[in-house]
Amino acid sequence: MQKNTWDDHYARRARDENWLARSVYKLQEIDRRFRIIRKGDRILDLGCYPGSWSQYALRTTAPQGHVAGIDLKKPERLSALKFQFIQADIFSIDIQTLQQNLGPRDVVLSDLAPQTTGAPATDTSRSLALSEQAFKIAEAVLVRSGRFVCKLFEGGEIKGFQASVAGRFERVRLFRPQATRKRSREVYLIGMGFTC
């Protein structure tokens, strides 16, 4: 019988602890290190399926917080009074309408990932396009001093994007959580203190 390489320590732990996906541990580590999510925060979770980041945000912001999630696919196993799902492609969503409907947000999270091709340059370029769109949305909805977490694939173009984000936040860091799979090229950009 062939071993399931996706079923690692973090995947088993997520099942045991009733999280919707192992990716929750990446956000948990980011949050513990940088204190991104606080009680009562209003969160926007881009690429929210299968729902573990929204699930974590709901628990962390309770009881007064609110989480809105956007994805092409609905996180069917996530149901909560303080969770609002918007089924949409982030490239076609009207950002101004989104801003009006959601109101200001304290945090924008993006765990968006492209359909990978196996060609590093193509995958990095697609990841960067998602990150740039996530940043545009964050600029539109974040309150002053808001926080931004965005997944990227490592590559040469990342420095220009990091510089753009740094122009709008007091502090910007790149961080690779321990729960990231060893072969993965993903890294997280964290922006703290949005300057409007």
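Just so you know, these numbers use all the heavy atoms, side chains as well, and skip hydrogens, waters and symmetry mates.
- A80 and L58 get closest at one heavy-atom pair: CB-CD1, 3.8 Å.
- Side-chain contact of T124 with R185: a donor-acceptor pair under 3.5 Å is present, judged by distance alone.
- No more than 12 heavy-atom neighbours from other residues, nucleotides or ligands sit within 6.0 angstrom of CG on L81.
- Formation of a donor-acceptor pair under 3.5 Å by the D94 side chain with backbone atoms of T97 is found in this model.
- Taking 4.5 Å as the limit, some side-chain heavy atom of I70 sits within range of a side-chain heavy atom of L98.
- Considering all non-hydrogen atoms of both residues, Y188 and K26 come closest at OH-CD, 3.4 Å.
- R42 places no side-chain N or O within donor-acceptor distance of the main-chain N or O of D106, the cut-off being under 3.5 Å.
- Here the CG atom belonging to L44 is positioned 9.0 Å from the OG atom belonging to S110, to the nearest 0.5 angstrom.
- Within the 4.5 Å cutoff, no side-chain heavy atoms of V172 are placed close to those of F148.
- Side chains of E154 and L174 form no contact here, defined as non-hydrogen atoms less than 4.5 Å apart.
- Checking side-chain atoms of D41 against main-chain N and O of R38 turns up a donor-acceptor pair under 3.5 Å.
- Enclosure of atom CD in Q100 by more than 12 non-hydrogen atoms of other residues, nucleotides or ligands within 6.0 angstrom is indicated.
- The two residues S52 and V24 have their closest heavy-atom pair at OG-N, 3.5 Å.
- Side chain of Q133 to backbone of I90: a donor-acceptor contact under 3.5 angstrom is found.
- Taking the six-membered ring where the residue is Trp, F194 and F169 present tilted rings, their angle falling between 30° and 60°.
- No donor-acceptor pair under 3.5 Å is formed between the side chain of E29 and the backbone N or O of P177.
- Between the side chain of S92 and the backbone N or O of A88 there is no donor-acceptor pair closer than 3.5 Å.
- Listed for the R147 side chain is no donor-acceptor partner under 3.5 Å among the backbone atoms of I190.
- Side-chain contact, T122 with T117: no donor N or O sits under 3.5 Å from an acceptor N or O.
- Shortest non-hydrogen contact noted between A113 and L130 is C-CD1, 3.5 Å.
- Proximity of S127 to P114: side-chain heavy atoms (C-beta onward) are separated by under 4.5 Å at one or more points.
- Rounding to the nearest 0.5 Å places NZ of K159 at 13.5 Å from OG of S164.
- The heavy-atom pair separating G51 from L78 by the smallest distance is O-CD2, 3.9 Å.
- For the pair L27 and L109, the minimum side-chain heavy-atom distance is below 4.5 Å.
- Each of V143 and I36 belongs to its own hydrophobic cluster when Ile, Leu, Val, Met, Phe, Trp and Tyr are linked at side-chain heavy-atom distances under 4.5 angstrom.
- Within the 4.5 Å cutoff, the side chain of W53 has no heavy atoms near those of the C48 side chain.
- Between F135 and F161, the ring-plane angle classifies as perpendicular under the 30° and 60° cut-offs.
- Inter-residue side-chain proximity for K39 and Q64 is flagged as unmet; no heavy-atom pair is nearer than 4.5 Å.
- Proximity of a side-chain donor or acceptor of R35 to a complementary backbone N or O of R32 within less than 3.5 Å is not detected.
- Counting only heavy atoms from C-beta outward, the side chains of P120 and D123 never approach each other to under 4.5 Å.
- Y56 pairs with exactly one of D31, D45, T61 by the side chain to side chain donor-acceptor pair (under 3.5 Å) rule, that one being D31.
- A donor-acceptor pair is defined here as one N or O able to donate and one able to accept, closer than 3.5 Å; no such pair exists between the side chain of E186 and the backbone of F153.
- The two atoms that bring V67 and A57 nearest to each other are CG2-CB, 3.7 Å, heavy atoms only.
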